[in-house]
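Structure, as structure tokens:
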There are 2 protein chains.
Amino acid sequence: MSPRKSSQEELSKAIILDVARDLFASNGYASLSMRKIANVLQCSHGAIYYHFKNKAEIFYEIVEHDFEKLDQELHDVMSDRTTTSDEKLFLLLYRYIKFGLTNQNHYEVMFLIRDEDVKSYLQEGPNKSLQLFGEAISSLVAKPITSKEIYSIFLSLHGFVTHFCRAETNFEDIKDLSKSHAQFLIKALH
Amino acid sequence: MSPRKSSQEELSKAIILDVARDLFASNGYASLSMRKIANVLQCSHGAIYYHFKNKAEIFYEIVEHDFEKLDQELHDVMSDRTTTSDEKLFLLLYRYIKFGLTNQNHYEVMFLIRDEDVKSYLQEGPNKSLQLFGEAISSLVAKPITSKEIYSIFLSLHGFVTHFCRAETNFEDIKDLSKSHAQFLIKALH
DNA sequence: ATTTTTATTGACCACTGTTCAAACAAAAAC
DNA sequence: GTTTTTGTTTGAACAGTGGTCAATAAAAAT
């Protein structure tokens, strides 16, 4: 009919991302198709490919953006003057788990999906998290920390989140377990 | 042409599993299609559905069967009379990592894939691993171990395997890191 | 008023897992 | 030995996927 929309209803990266972000939160990567997004946007799925190279690009942009909240949160923990180093250390681990489990679909794209297209966008993201983490932890523990220990801490948290992501467990349901996991890991550091 | 094969070349669960297992080891779950399997079997893809309910069932049978090697390996560690408890504890963790990383596609089906069909088959498998693990660890440590600690150990190993599964890292390339991760976790137990 | 650029459509491609009527081989019943 | 029944395979069909692209029309530039 009309191969181009009136300027009022023209698409844009931002509009697509808004809709996709919304649907993504409840659907996840695999079961949210380009056509479903197009449907909500009231456009054809082909149009989306004018704004994004492929499906992976859309979702990576969403995830990358939303992961800044995690950075922010960890940063907040570190710059709080009312908490001790020990408390900070605990909160760092605890908040990481909390973030992962309250943004399970995000976590999946960032750390779990094995799709090659998705992975091609992930050079920076996960490493950045790891580095931030490492620096923070090092600064909180008196004893010198090796990079292997940093890895261990990070991957141990990762395993916790991954497992309960798959089980689709609410964070609220495993708050206690999260706390004890964080404490368990801290014990290994000392 | 011939809607039924001569008895010599008839399909069977076993034959399908043999071929699928082979292809699965190098292709993984997502990118190995029913049609590819049928192609190698020289039959139509429809025929496979006579022997298996769906794709997930095939792969679950493969994975379930091959995971017995892990059970066996852990059992071997425990029943070795020449190693101390401390050595056994280390080997338990180390061998788990090794198994996961030398059977990455298996590990993915058992613990990672979020597909509903796959998960419907997974009521027993992962819990069984966890339980075996818990009993073994408890028996190796003098101090009483809580179930939360068992969880922590297990999920920490899981995170390690998961991460390097995604990165498709060879176990050989991170042997050292595996060892230090195992040792890190043991430190938390004491 | 005309040309150029830009964004959208929808048909199309090559896939995917899954279903199922039809067809025929083998086994069982007669 | 013939007929019936059962078991197994085929291949077309379905509904879906991500992705491409010529045709087209609105908007912008001339």
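Residue numbering restarts at 1 for every chain, and letters A, B, ... go by the order of the sequence lines.
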Would you indicate, yes or no, if C/dT19 has its OP1 or OP2 atom less than 4.0 angstrom from a side-chain nitrogen or oxygen of B/His45? no

B/Tyr50 side chain near D/dT9 phosphate (N/O to OP1/OP2, under 4.0 Å): no

Rounded distance in Å - [atom1] ([X]) to [atom2] ([N]):
X        : N      : atom1 : atom2 : answer
B/Asn39  : C/dC15 : CG    : P     : 11 Å
B/Glu10  : D/dT8  : CD    : P     : 6 Å
B/Phe59  : C/dT16 : CZ    : P     : 12 Å
A/Ile48  : D/dC21 : CD1   : C1'   : 16 Å
B/Lys53  : C/dC20 : NZ    : P     : 13 Å
B/Tyr49  : D/dC14 : OH    : P     : 17 Å
A/Asp115 : C/dT16 : CG    : C1'   : 14 Å
B/Leu41  : D/dT10 : CG    : P     : 10 Å

Can you classify the ring geometry of B/Phe90 versus B/Tyr94 as parallel (below 30°), tilted (30 to 60°) or perpendicular (above 60°)? parallel

Salt bridge (charged side-chain N to carboxylate O under 4.0 Å, His left out) pairs touching residues 29-51 of chain B, sequence neighbours excluded, are none

Nucleotide of C/dT8, C/dT16, D/dT10 approaching A/His51 most closely (side-chain heavy atoms): C/dT8

Would you name the heavy atoms of A/Gly100 and A/Cys165 that are closest together and state the gap between them? O-SG, 4.1 Å

More 5' along DNA chain D: A/Ala47 or A/Arg35, using each one's nearest nucleotide? A/Arg35

Check for me whether the distance between the ring centres of B/Phe52 and B/Phe59 falls short of 6.0 Å. no

Please find out if less than 6.0 Å separates the ring center of B/His106 from that of B/Phe24. yes

Under 4.0 angstrom, heavy atoms only, what part of the nucleic acid is B/Ser33 near: base, sugar-phosphate, or nothing? sugar-phosphate

Tell me what B/Ile37 touches on the nucleic acid: a base, only sugar-phosphate, or nothing, going by heavy atoms under 4.0 Å. nothing

Using heavy atoms to find the nearest nucleotide of DNA chain C for A/Cys43 and B/Gly46 separately, return the residue whose nucleotide is more 5′. A/Cys43

